[in-house]
4 protein chains.
Amino acid sequence: MPLKPKIEQPKSEARRVGFALVGIGKLTAEQLIPAARTSEDAYVAALVTSEEDKGEAFARAFDLTDQDVYSYDEFEQLGERGDVEAVYIVLPNSLHREYVERAAKMGKHVLCEKPLGVNAQDAQAMVDACREAGVKLMTAYRCQYTPHHWAARDAVQGGRLGDVKVLDSIHVQVEEDPTAWRLKKEYAGGGPLPDIGLYSLNILRFVLGQEPEWVFAQQHQPKNDPRFREVEESVSFMLGFPDGVIANALTSYDAFKTTSLRVMGNKGSLLMDPAFPYEGLKLTVSDERGETRPSFPHYDQFGLEFDHFAQCIRRDKTPWTPGEEGVQDHVIMDALYQSARSGQVVKLPKPKKKRDAFRGEKPRLPGQGK
Amino acid sequence: MPLKPKIEQPKSEARRVGFALVGIGKLTAEQLIPAARTSEDAYVAALVTSEEDKGEAFARAFDLTDQDVYSYDEFEQLGERGDVEAVYIVLPNSLHREYVERAAKMGKHVLCEKPLGVNAQDAQAMVDACREAGVKLMTAYRCQYTPHHWAARDAVQGGRLGDVKVLDSIHVQVEEDPTAWRLKKEYAGGGPLPDIGLYSLNILRFVLGQEPEWVFAQQHQPKNDPRFREVEESVSFMLGFPDGVIANALTSYDAFKTTSLRVMGNKGSLLMDPAFPYEGLKLTVSDERGETRPSFPHYDQFGLEFDHFAQCIRRDKTPWTPGEEGVQDHVIMDALYQSARSGQVVKLPKPKKKRDAFRGEKPRLPGQGK
Amino acid sequence: MPLKPKIEQPKSEARRVGFALVGIGKLTAEQLIPAARTSEDAYVAALVTSEEDKGEAFARAFDLTDQDVYSYDEFEQLGERGDVEAVYIVLPNSLHREYVERAAKMGKHVLCEKPLGVNAQDAQAMVDACREAGVKLMTAYRCQYTPHHWAARDAVQGGRLGDVKVLDSIHVQVEEDPTAWRLKKEYAGGGPLPDIGLYSLNILRFVLGQEPEWVFAQQHQPKNDPRFREVEESVSFMLGFPDGVIANALTSYDAFKTTSLRVMGNKGSLLMDPAFPYEGLKLTVSDERGETRPSFPHYDQFGLEFDHFAQCIRRDKTPWTPGEEGVQDHVIMDALYQSARSGQVVKLPKPKKKRDAFRGEKPRLPGQGK
Amino acid sequence: MPLKPKIEQPKSEARRVGFALVGIGKLTAEQLIPAARTSEDAYVAALVTSEEDKGEAFARAFDLTDQDVYSYDEFEQLGERGDVEAVYIVLPNSLHREYVERAAKMGKHVLCEKPLGVNAQDAQAMVDACREAGVKLMTAYRCQYTPHHWAARDAVQGGRLGDVKVLDSIHVQVEEDPTAWRLKKEYAGGGPLPDIGLYSLNILRFVLGQEPEWVFAQQHQPKNDPRFREVEESVSFMLGFPDGVIANALTSYDAFKTTSLRVMGNKGSLLMDPAFPYEGLKLTVSDERGETRPSFPHYDQFGLEFDHFAQCIRRDKTPWTPGEEGVQDHVIMDALYQSARSGQVVKLPKPKKKRDAFRGEKPRLPGQGK
């Protein structure tokens, strides 16, 4: 038989970092579980969910046993699981803090979904808890780990666009379900801004490697739409970066799905459109010679996140997007809401470091040597 | 000989409206003269220029005689030219008012390049002068006359996008010549805002058919760039329309050429990119079913302008973009500059009419019946 | 806890059709296994492989036990597995016939990868074996099951393009490994033509719903390239359909990955580019009014195949692409090779049915009602 | 007055080459006349037409006098016009030879529209006539003079695509008027093949710089369509180039406007789509790193032709696309028609030179130094 297909069987779990996934929603089921399957450095060792049946079904699909499934009440039992070195918090925003703190107490490293918390104070508390417990905390900003977004950053910072002058980003979509927790202030902390507008904010900061000095925002919250009783429908905001660089951004929970990023310098420009989906990112860099669209080997955004955090744990490094990176976005979002209320420009404190002020160890991109 | 090509010879000038072109720059030479050649309703009957030689060369190229070329001092001699029914002012912004007033005094109708003046007061004076003289005044907003921009407006106002929530427009380019009159406050009245940012402002108002209720702006004027001693380099602005609709816009004289317009509603979105060049406009309308890119028979934007104004003259109608439309943009730009100075939101007066408050007779689009 | 994510757990296997996957290569591992996981109508009940270790690893990943893994020698033991109603043959082409016949003898329905065999005679033997055994045989032409390809077919057959006149398709890629079984005549039956050129051939027939009347081909087989000792490098071919419709096609194992389909009628045209990958298909339909790019909810091509065959089994229907459809492509490819040898046009027999002569029950597209 | 626009007035005609345009159809009116206006090296000095009125109207539009307009009977009077150094033949194909010969007799250089004649013999006679008369003959293959097509050729010949293996080109459009001379065999010499399919043929040869060794074609001529009583509706053809490189091509007079060129090598590919219009060419080069779309300063294709021929006249060089280039396409098209009749491959004679066997002096591209 000539059958020697080149597919390797899944690697040993010996050196990989075991994660407990906390919360089984759409993201966990459709993205995180498949991603963990392809990760070279991480694997899923346990599940935490309120629904025992679902947990066990997923456990089976995952090559786990029923004993690997925990309820939220049993969360602390993970402390005895030596093979669980990290937890990945995939819960509504308002629950992040509680579970980050409980995980830290058990000495588990924490990967936490964005936004880190519900406001800067809440997020800072998580950073503090993890620091005190001596565990690592990473904010799950997947777009800071993709080859596409790094190529955009390199075009910006490598001078290919000349001096960057103005930027523009959009992240809007329609949230149809009035009962979604994302529309409850208590659980979400806000509306589209901390959920999807955060991508624009975070990636604008990432490609520039700098922090805004001032912000301005206006928001709209319609009176008769049951979806927007507690949170805003749309936010338009402006960020003032050093050297007079200005960025515009739009976010909304009631506009046809659009995600885009533009950076314009005096020698060229770049467009990512779409800029933030899990698949199908498209980057175009333009200058006088024409347009270039780089292509990259296929990758899984969540797999890259898992890999990076697992590597940081193994090598004892600060993640590229630690808790501090998540706090900083909250500081800015707090200022944006303040500006929207006051109709005035809000100034922000200057960071101590000039570049990548809140970031840690650079991630290894797929295809790069180790 | 079987040669019966279907090309018609140029039509008689009998019923067409004769224009005097005032100012021979790049726009006149490369766009207006070719456009007038293809117009069904207009033709060039005279030229006004400070350079006799150039004027005569263009006159010959235009099938005019040396007697059809006038210096600025001889401008009033056009009064005796019964075949010159209208003048097209293509001069630096600060000269618009003088020549509009001189033309009005002679009883000539006036098509004036955008921006209409250097500020709202200046522009209003032109409107007043033309009204008093009983002549028509049209602001040359070519983008309000193209099938592409009307298709965008129809998508917005016809409900195809659902309820419009947020908009975004960009018009940036690099102005390299520090000696250009566009960089002199005295001649231009401002920097990129009244020159190219005006396209965004004007077309955002056009596609919505509504007027902003408030505005906010921030601008950047670098200290050491000789180009920006008098005018701003970049302006970022925000427009608040009725019902909480918000638009973001960016303009700059030091960023790689980009022109775009996005409108996002809760059922669909549209993108024009590029949005403002003379040729090659591309409109994409997206909704759940996919993307549509309408195509149109080839047209000349300036030809459509000429045609519309000539038709308004023949039929005694108010042009779609009369002087009042130009004044309103100045009112808004004055408010934008005021906001940029104060760092605060500036409120605008409510117009009397709800829709298309400052517009006249709808233009006939190419392909539409008469 | 407010956690009520809407993810359903995997459905019961009760009414789903159990498949044995025969052969574990790249396609099985990366496409078929994930596809089966999302199928509503099928699931994987057993694996057949020559490599026990790999089989068991995949079994675990699949929620199967070691007892569900069979060697090729143990293939007939599947006969006792009542839960295995169908086998999916994913072996080198030359082995299809043996395993189809062995499966048919056991009374198992057979889904067989394309090309069905190594030539028309070989493929016809499989059809005969399955007919005699009273089992269903389906050729795994995934592109005849996607919403994109059906939208293309609908545009062609629904008159949107007017009368179709000419078509063009390309499927080329670089096969780098000289030891690949695809480059061995004994295992593959040919070079790029039966492997990837077959997509062009099959989809050209599909969108027209008609059969070619004549064919012409030329091929290239370089002398010094170790990859092409046994099979051709490139084939260019022409298909003559009824009413003078002509299609051109190109296939190659040494050209940068390109997959495209164009259909040109006298009222419009369509372009699929890329036309044949697992993900990212893009269809553009053009006519005088412009371009349209339909979008569809996300789907898995292999999942749609599984679903269709499982439904045909449950409802006792002939699959849309039965063995006969696979035979017909072999008849045409045999003629193409004959033409390439002779340098002459080769005529083909007329099918009995006018439209979709070799096809069965239309598949249900995602989103269509049952 | 600060008005110093940088538009130059039209240059002196002293050193430019004066052309007589022979035939005033759509191409002359809409393309050649505007092109000549922008040429640095050529200008229109006279017009030859059968319609005196139209000629005089165009003369006026062109800054010529009525004395510059000639009827076909008066053609030989151009001999006395020392300022007319060249004629541009823009007549139905069957009249090319007569007017080329009459021009040659007068010692005028000749730029002749494509196809050069109605068959190879006819075209060769023109080459002979010009050689004997000592005048230059250029075939007006505009696509061999554009930066876009040269960039495609450079990508092919500069190795960026690796070894080129297969090519594909399409040029189809709908010819609606049954009375058009293009549909009369006597005037046109054939149907879409010599008119628009010729672009594919000519550019495939151009980008490769090589000549086909064999050809194959099939054509369709519907019985009941009044447009295709004399000429074919569609032709599909295949060209075999040295080293096993194969090109497919499609042309039709009854298919929605499509023009495309693809070249696929083992390291990359290129796509021009559209490939042959006067404006809006788009070139995309793809390889493993992604896609590149070069941009070029705006140019006029006919202006580049005028310039090249004028420069060849001034410097006494053989044009890049001399009569011989036009003859070679006729040799190939004669072979294609022969193949379509016989259903067999037709071999072609080997050219003496290996590369660019029938071409002369390379044209200067816009932006290149002199």
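Everything numeric in this text was worked out from a predicted model, so none of it was measured. Heavy-atom basis, side chains included; hydrogens, waters and symmetry copies ignored.
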Tyr199(D) and ring pair (Phe, Tyr, Trp, His ring centres under 6.0 Å): which partner among Tyr141(D), Tyr278(D), Phe206(D), Phe276(D)? Phe276(D)
How far apart are the C-alpha atoms of Asp163(D) and Lys267(D), what are their side-chain angles, what is the distance that settles it, and do they pass the salt bridge (Lys or Arg N to Asp or Glu O under 4.0 Å) test? CA-CA 7 Å; Asp163(D) 294 332; Lys267(D) 298 294 181 201; over 6 Å; no
What residue in Asp254(D), Val345(D), Ile246(D) has the most heavy-atom pairs under 4.5 Å with chain C? Asp254(D)
Test of ring centre spacing under 6.0 Å for Phe237(C) and Phe216(C): no
Chain C contact via Thr258(D) - which portion, at a heavy-atom distance below 4.5 Å: side chain
Heavy-atom distances under 4.5 Å only: say whether Ala247(D) touches chain C with side chain, backbone, both or neither. neither
Top of Ala249(C), Gly268(C), Gly240(C) for chain D proximity - count of heavy-atom pairs under 4.5 angstrom: Gly268(C)
Which region of Ser286(D), side chain (C-beta onward) or backbone (N, CA, C, O), has a non-hydrogen atom less than 4.5 Å from a non-hydrogen atom of chain C, or is it both or neither? both
Who wins among Leu250(D), Val174(D), Val172(D), Val166(D) for the most heavy-atom pairs under 4.5 Å with chain C? Leu250(D)
Expected output: side-chain Ser339(D) to main-chain Ala335(D) donor-acceptor under 3.5 Å: no
Which atoms of Glu233(D) come close to chain C, meaning under 4.5 Å heavy atom to heavy atom: side chain ones, backbone ones, both, or neither? side chain
Is Leu167(D) in contact with chain C via its backbone, its side chain, both, or neither, using a 4.5 Å heavy-atom distance? backbone
Does a donor on one side chain and an acceptor on the other come within less than 3.5 Å for Tyr253(D) and Asp195(D)? yes
Hey, is CD on Glu288(D) packed in by over 12 heavy atoms from elsewhere, all under 6.0 Å? no
Ion pair present between Glu213(C) and Lys350(C), side-chain N to carboxylate O less than 4.0 angstrom? no
Please flag which part of Ser269(D) lies under 4.5 Å from any non-hydrogen atom of chain C: side chain, backbone, both or neither. both
Under 3.5 Å, is there a donor-acceptor pair between the side chain of Gln210(D) and the main chain of Phe241(D)? no
Options Asp243(D), Leu161(D), Val164(D), Val245(D), ranked by heavy-atom pairs under 4.5 Å with chain C, top entry: Asp243(D)
Turns out that what part of Ser234(C) lies under 4.5 Å from chain D's heavy atoms comes down to side chain
